[in-house]
Amino acid sequence: MGAANPSLLMQTTFHIRRLNPETEHPTPYYQEYHLDLEQSDSILDGLIKIRETLDDSLALRCSCRGAICGSCGMRINGHAALACKTKVIAMAEKGKPIQVEPMNNMPVIKDLVTDMGSFWEKIRQVQPWLQPSGPIPQAEFIAPAEAMSHLSGVMSCIMCGVCVSDCTVLEVDKKFVGPAALAKAYRFVADPRDGQTQQRLESLNEPGGMWDCTRCMECIQVCPKGVGPMDR
């Protein structure tokens with residue numbers, strides 16, 4: 001691979017929220033890193049370059065680099081996003097650093113890595129599996145395409161947690177089931193093969209369920225796959 005064209009490099013400053021739980025009194029703080037990046041680089045490219053060339057103690061989570069696995073969710077300039085899908089050139093305002101923080105509404109393990117245990121608990125809360133009524137089919141339980149096509153959008157969810165990070169209700173009410181779980185619940189409520197629609201809706205009608213959503217639209221704004229959790 002040839003060297004980068006200097007004329008295409010951007011002088012970039014990252015302002016990263018750090019937390020080292022191994023210290024005696026762990027306290028969050030911000031640290032700045034200055035580096036040159038290509039205009040085509042993503043925020044994740046920048047973070048990996050920082051870790052590989054400037055500070056190998058920086059902790060972050062990533063895998064596919066293609067907005068498929070959902071591992072690299074974090075807050076960038078105040079809003080949650082996938083770092084691999086977010087371009088540096090789109091976030092860099094002239095003279096201002098790019099601020100990178102861990103996702104909100106989840107405990108921080110270290111630096112940009114969060115504990116998603118509560119996220120998965122809420123997903124399990126809506127029982128995300130088919131519960132058909134009547135006798136168990138002897139072969140595949142096939143549904144007609146026209147009955148399933150409306151679910152294609154919500155089935156694009158990659159469980160990244162970005163919508164949960166920016167949910168304004170979860171900031172004040174940890175009992176709220178959250179946008180990702182509600183989108184997952186809709187996926188089964190609207191599935192013609194599921195036989196527990198009434199029971200599912202009754203559960204979601206309880207405090208902490210769907211009516212606690214304030215329709216702030218943050219989850220729609222930040223979802224990297226266009227799922228639109230609030231709409232569900």
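In this chain, numbering begins with 1 at the start of the sequence shown.
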If you measure from the Lys or Arg side-chain nitrogens to the Asp or Glu carboxylate oxygens, is any gap between Asp173 and Lys175 under 4.0 Å?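 No, no charged N to carboxylate O under 4.0 Å.
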State plainly whether the residues Lys49 and Asp41 are in salt-bridge range, i.e. N to O under 4.0 Å.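 Salt bridge between Lys49 and Asp41, a charged N being under 4.0 Å from a carboxylate O: no.
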Below 4.5 Å, heavy atoms only, C-beta onward: do [X] and [Y] meet side chain to side chain?
X	Y	answer
Glu38	Asp45	no
Arg17	Pro28	yes
Arg61	Val113	yes
His34	Gln11	no
Asp55	Arg18	yes
Glu202	Leu204	no

With sequence neighbours excluded, tell me which residues meet side-chain contact (heavy atoms from CB on, under 4.5 Å) with Leu170.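 Once residues adjacent in sequence are excluded, the partners of Leu170 under the side-chain contact (heavy atoms from CB on, under 4.5 Å) criterion are Asn105, Lys122, Val164, Cys167, Phe176, Pro179.
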SG/Cys160 to NZ/Lys225 distance, rounded to the nearest 0.5 angstrom?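 Between Cys160 SG and Lys225 NZ, I get 9.0 Å after rounding to 0.5 Å.
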Output the distance between atom NZ (Lys110) and atom CG (Leu58), rounded to the nearest 0.5 Å.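 Taking NZ in Lys110 and CG in Leu58, the distance rounds to 8.5 Å.
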Quick check: does any side chain N or O of [X] sit under 3.5 Å from a backbone N or O of [Y], one acting as donor and the other as acceptor?
X	Y	value
Thr27	His25	yes
Lys85	Pro224	yes
Asp194	Gln131	yes
Thr13	Pro97	no

Once side chain to side chain donor-acceptor pair (under 3.5 Å) is applied, do any residues pair with Asn205, and if so which ones, sequence neighbours excluded?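 Scan of Asn205 (side chain to side chain donor-acceptor pair (under 3.5 Å), adjacent residues dropped) gives Trp211.
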Which residue in the set Tyr30, Tyr29, Tyr33 passes ring pair (Phe, Tyr, Trp, His ring centres under 6.0 Å) when paired with His15?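 Of all the options given, the one that passes is Tyr30.
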For Lys96, what residues pass the salt bridge (Lys or Arg N to Asp or Glu O under 4.0 Å) criterion, not counting sequence neighbours?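 Partners of Lys96 under the salt bridge (Lys or Arg N to Asp or Glu O under 4.0 Å) test: Glu93.
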